Amino acid sequence: MNKPSIEIDKVVSKNAYPLSQIPVIFNWVDETALNNLSELIAQFFQVPVTAIAFNANNTQWLISKIGIEQKCLSIGNRFFRDIVSQQGVLEIPDISKTAYTNDIPVLLNQNIQFYASISFGLINDFVGTVFIADFEPKKLTEQEKKAFNTFANNINSTLKLNKINFQKLEKTNTPLPQLNSAVKQISESILTDYENLSDDSNTNKSYWLEVNTQAVFNNKKLVDIDVKSELIDITEKKNREANILTLISVMNSIFNAVSFAVIFTDTDGIIRRINKAGLDLIEYTNDEVIGRTPEFFHDSNEIMERTLALSLELGQVIMPGKDTFVLKACLENKVDANEWTYITKSGRRIPILLSITCVRNSNNDIIGHLGVAEDYRAKKRAQQELIDAKNAAELAVYAKDSFLANMSHEIRTPLNAIIGFTELLSQSKLDKVQHDFINHIQVAGDNLLLIINDILDLSKIESGQLVIESYPFSITDTLQHVQNLLKIKANQNNNDFSLSIAEDIPEFILGDKGRINQILVNLAGNAIKFTKNGKVSISLEKIDENTDFVTLQFTVSDTGIGIPEDKLQAIFDRFTQAEASTTRKFGGSGLGLNIVKQLVSMQNGKLSVQSTLGKGSEFQFIITFQKVDCVSIENLRDNTLNAQSLGSLSILLCEDNHLNQILAKNVIQKFGFNLDIVNNGQEGINALINHHYDIVLMDLQMPVVDGYQATIHIRNVLKSNIPIIAMTAHSLVGEQQKCFDIGMNAYLAKPFKQIELLEKIQSVLDKNRFDEKKLLHMPQEISTHTSGQATKLDLSYLETFSEGNEEFILQMIKLFTQQVPKDLILLEQKIAEQDYPGIKSVAHHMKSSLAMFKLDHEVQFLQTTEHNAKNSIISSNIESDFIAFKKNIEQTLLIMSDY
């Protein structure tokens with residue numbers, strides 16, 4: 001419908017109607033119809049203020065209104081001219097930023113900021129307009145402007161129909177007495193019903209009433225007006241409508257007031273609403289965003305990477321687009337939060353945390369998606385500061401550990417020769433005086449080694465690298481070993497040194513024998529050192545036991561100098577002793593008790609001390625151990641170590657220090673083994689190529705090629721699995737694990753005892769023989785499978801979904817090579833730990849990745865493994881099956897690398 005053109009001069013200057021005549025002039029208007037239209041307009045645009053008005057002489061008469069009390073508004077001349085002359089929508093996004101601030105004081109007093117109006121024609125010399133207003137600045141979209149124009153046309157049509165019907169009614173020559181009588185009946189009916197509705201006290205209360213009347217026509221002439229006196233109280237309905245409009249206004253205010261960016265998209269992923277914070281963040285206007293998808297201000301590379309990761313995670317091919325953002329939230333019916341990067345209009349990259357939620361109606365149907373984006377720049381900066389601080393702290397720790405380790409290396413290298421040759425010399429024929437000298441040298445060397453070990457242990461504890469091991473051992477033998485070790489020192493101090501073990505102590509327990517030995521040697525050694533001509537005792541008793549665990553209490557007591565009460569807690573601090581003179585008189589570093597305290601704590605134990613100055617001290621620690629089945633420990637009883645049991649061995653020593661070469665030669669020859677010596681790793685590699693050896697003893701720091709480089713070459717180039725034992729004085733934190741990671745089989749720190757070297761040789765030989773035996777007994781099906789090698793990748797599944805998109809396939813391969821090796825390591829770890837839930841989870845996660853590349857045999861292995869883990873079953877041949885599985889996956893990864 002075309003709106004008529006309006007002559008402004010005619011509107012402004014023609015007739016000036018007195019206010020009292022305005023209702024009479026428009027007595028033909030159907031206010032109910034206009035009120036319905038006003039409510040519809042308010043709800044459509046979600047605004048608190050709407051009005052339909054007739055304009056003349058700088059005045060607006062509000063025929064229908066919502067959210068405003070006044071019946072007419074006085075308007076400044078400039079604003080009035082703009083209202084009545086505007087073709088189309090007159091939009092003022094923010095009144096406070098325009099020149100109209102003095103023209104519409106009534107609206108400004110109500111804090112109106114947004115205003116938009118449109119005319120719907122000239123009615124009785126008045127310009128008809130409809131306007132909307134809001135308390136927040138805003139801007140209409142092009143679609144909203146078109147809807148506004150449609151509303152104006154509907155109002156114009158409604159009014160024209162009202163006027164036609166009224167003019168027909170005037171021609172019926174309605175008898176005036178009948179009209180007056182009808183009006184009187186309506187008034188009396190309203191008064192009667194109002195009295196019934198109103199309460200006794202609140203006579204000023206307002207009601208909304210609906211009166212129904214019926215006109216009776218005969219041959220299109222009004223002959224009677226039937227007043228049924230039917231009044232309906234619609235006050236509650238009107239209040240609800242007002243509350244709805246208020247709620248809409250409040251929700252709009254909240255939507256635009258939150259500091260996070262809020263974006264609402266429909267089911268097709270099209271943006272329908274975005275708040276002010278979102279527009280400020282991406283630097284676009286409302287018109288530039290509404291109707292588009294969020295991808296245009298996202299990083300396209302991130303979208304592709306997230307799409308590929310989601311495809312692997314869900315086991316189905318996801319194409320970049322809406323599903324990349326919302327699919328997981330919809331499938332899991334919960335908030336899905338991920339980090340993204342927004343690219344602003346000016347090109348700035350802003351990290352954000354985007355939380356996606358599916359919006360559902362009362363029938364649980366998805367009607368859209370809500371995204372809430374948090375600006376992550378501040379958190380990223382804080383995170384980076386924490387990372388920098390952590391790196392700085394780690395560098396400081398590394399520098400300290402490196403210094404300690406290097407110092408220990410410089411000390412251990414000559415100390416290894418001193419202790420080693422002293423041990424060899426003590427086994428030769430000596431007279432009594434020479435034997436005493438040798439004993440003194442051994443004691444001095446052991447004390448020096450103890451101090452070095454304390455410093456390194458402290459460094460390992462601080463950096464979290466000291467690990468409490470768990471293996472079966474005899475606690476009785478351990479205590480007897482401690483007594484034998486310290487007996488000579490106790491005799492030198494004229495001490496009565498006793499050991500008491502309760503009869504109900506289990507012979508074997510599961511724990512760390514070395515650390516228990518270290519704790520007892522430290523405590524008992526201190527007791528002996530600070531006691532002269534007295535008593536020192538070690539006792540062990542059981543304080544609790546059940547089917548699986550036993551709790552033991554170790555007690556070390558003495559009758560020595562004792563500790564002042566105010567120093568009892570300080571003695572556990574590092575570099576601290578009870579008295580300042582103690583170090584000068586008795587020696588020691590002040591680290592022993594601090595290490596004891598931490599070792600007990602690492603085994604979930606409890607350490608306590610009681611002491612009386614001048615009378616002695618008593619240290620107690622309580623630790624709970626897992627019990628060991630005696631049937632599975634029978635081999636420990638007869639495991640007497642001797643070189644003859646190992647047979648004739650051929651050993652290669654890679655060592656550049658001449659003293660250590662001579663020492664090792666004497667020790668190895670004493671064992672009855674054959675020994676060849678080379679000066680560096682390169683000579684060692686050449687020797688392995690030309691000769692057969694059973695074991696390699698590998699020093700780590702050597703010229704030309706060091707021990708690390710030589711080991712890597714032996715494993716990767718020579719493809720040899722010969723046992724390699726690392727022998728080094730460079731005891732840096734994490735050194736042992738580094739040796740294991742590159743393929744070494746054992747680690748021995750210098751200086752070492754002869755028995756320690758022999759134990760290491762036996763352990764690596766037993767392990768190597770076990771691995772060979774296990775491979776020989778591998779099932780035939782697995783052996784056949786591992787002997788074959790895949791020749792190409794099966795990309796048929798991906799090609800079906802990618803529709804020839806080579807980049808997509810390459811991205812999927814890249815993701816596979818990044819994720820699957822991590823899963824492979826994790827699955828191997830879970831199998832070793834017999835972690836059933838962990839095995840089930842990793843196997844399930846890997847299946848979809850492998851299925852994409854048609855690795856059917858490997859998928860079958862994962863399905864069987866997952867099923868067994870679900871039922872808490874570990875197959876007897878799981879380890880051999882996994883070796884074959886791992887080998888095939890590694891072959892696939894190599895082929896992918898070439899692809």
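Treat the numbers as computed from the prediction; the structure is a model and nothing was measured.
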(request) Please name the residue in the list Ile274, Ile343, Ile350, Ile263 that meets the side chain to side chain contact (heavy atoms under 4.5 Å, CB included) test with Ile282. (result) Ile274
Quick check for you: to the nearest 0.5 Å, what is the distance between [X] atom [atom1] and [Y] atom [atom2]?
X	Y	atom1	atom2	answer
Ile712	Gln709	CD1	CD	7.5 Å
Ile831	Asp881	CD1	CG	9.0 Å
Phe882	Thr865	CZ	OG1	9.0 Å
Asn301	Asp299	CG	CG	5.0 Å
Glu374	Leu354	CD	CG	11.0 Å
Asn716	Thr711	CG	OG1	10.5 Å

Within the distance-only criterion (no hydrogens, no angle test), does the side chain of [X] pair as donor or acceptor with the backbone N or O of [Y] below 3.5 angstrom?
X	Y	result
Ser841	Pro837	no
Ser311	Ile318	yes
Asp266	Asp268	yes
Arg715	Ser720	yes
Asp375	Arg377	yes
Asn745	Ile725	no
Glu858	Asn888	no

Should [X] and [Y] count as side-chain neighbours, where that means a heavy-atom distance under 4.5 Å?
X	Y	value
Leu718	His713	yes
Ile889	Leu855	yes
Asp544	Thr624	no
Thr265	Ile271	yes
Gln863	Val859	yes
Phe625	Ile516	yes
Ile714	Met698	yes
Thr293	Ile270	yes

(request) Check the pair Gln384 / Asp388 against side chain to side chain donor-acceptor pair (under 3.5 Å), numbers first and verdict last. (result) CA-CA 6 Å; Gln384 188 59 48; Asp388 293 342; 2.9 Å; yes
(request) Assess whether side-chain contact (heavy atoms from CB on, under 4.5 Å) is satisfied between Ile509 and Phe473, documenting all intermediate values. (result) CA-CA 6 Å; Ile509 56 176; Phe473 72 98; 3.7 Å; yes
(message) Parallel, tilted or perpendicular: which one describes the rings of Tyr342 and Phe297, with boundaries at 30° and 60°?
(response)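 Plane angle over 60°, so perpendicular.
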(message) If you count heavy atoms of other groups shown closer than 6.0 angstrom to NZ of Lys322, is the number above 12?
(response) yes
(message) Is it true that, when you exclude Lys542 itself, more than 12 heavy atoms of the residues, nucleotides or ligands shown sit nearer than 6.0 Å to its NZ?
(response)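 Result for NZ/Lys542: enclosed.
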(request) Might you work through the side-chain contact (heavy atoms from CB on, under 4.5 Å) test for Val359 and Thr357, ending with a clear yes or no? (result) CA-CA 6 Å; Val359 181; Thr357 308; 5.8 Å; no
Which heavy atom of [X] sits nearest a heavy atom of [Y], and at what distance?
X	Y	result
Gly321	Glu295	CA-OE2, 3.4 Å
Met846	Phe885	CE-CZ, 4.1 Å
Asp823	Val842	O-CG1, 3.6 Å
Ala843	Leu862	CB-O, 3.8 Å
Pro320	Met304	CG-CE, 4.1 Å
Ile695	Ile722	N-CD1, 4.0 Å

(request) Name all pairs fulfilling the salt bridge (Lys or Arg N to Asp or Glu O under 4.0 Å) condition that reach into residues 833-843, sequence neighbours left out, sorted by first residue then second. (result) Lys830-Asp835
(message) Under the criterion side-chain contact (heavy atoms from CB on, under 4.5 Å), I'd like the reasoning laid out for Phe853 against Val820: C-alpha separation, chi angles, the key distance, then a yes or no.
(response) CA-CA 12 Å; Phe853 293 91; Val820 169; over 6 Å; no
(message) Using the rule given for side-chain contact (heavy atoms from CB on, under 4.5 Å), can you reason through Leu700 versus Cys739, listing the C-alpha separation, both sets of side-chain angles and the distance that settles it, and then say yes or no?
(response) CA-CA 9 Å; Leu700 297 182; Cys739 292; 3.8 Å; yes
(request) Using the test salt bridge (Lys or Arg N to Asp or Glu O under 4.0 Å), find all partners of Asp706 that sit at least two apart in sequence or belong to another chain. (result)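 With sequence neighbours excluded, Asp706 shows a salt bridge (Lys or Arg N to Asp or Glu O under 4.0 Å) to no residue whatsoever.
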Determine all donor-acceptor pairs shorter than 3.5 Å in which one atom belongs to a side chain in residues 325-334; sequence neighbours excluded.
from   : atom 1 : to     : atom 2 : distance (Å)
Lys328 : NZ     : Glu313 : OE2    : 2.7
Asn333 : OD1    : Arg360 : NE     : 3.4

(message) I'd like to know if Lys379 pairs up with Glu339 as an ion pair, taking the criterion as any Lys NZ or Arg NE/NH1/NH2 lying under 4.0 Å from an Asp or Glu carboxylate oxygen.
(response) no
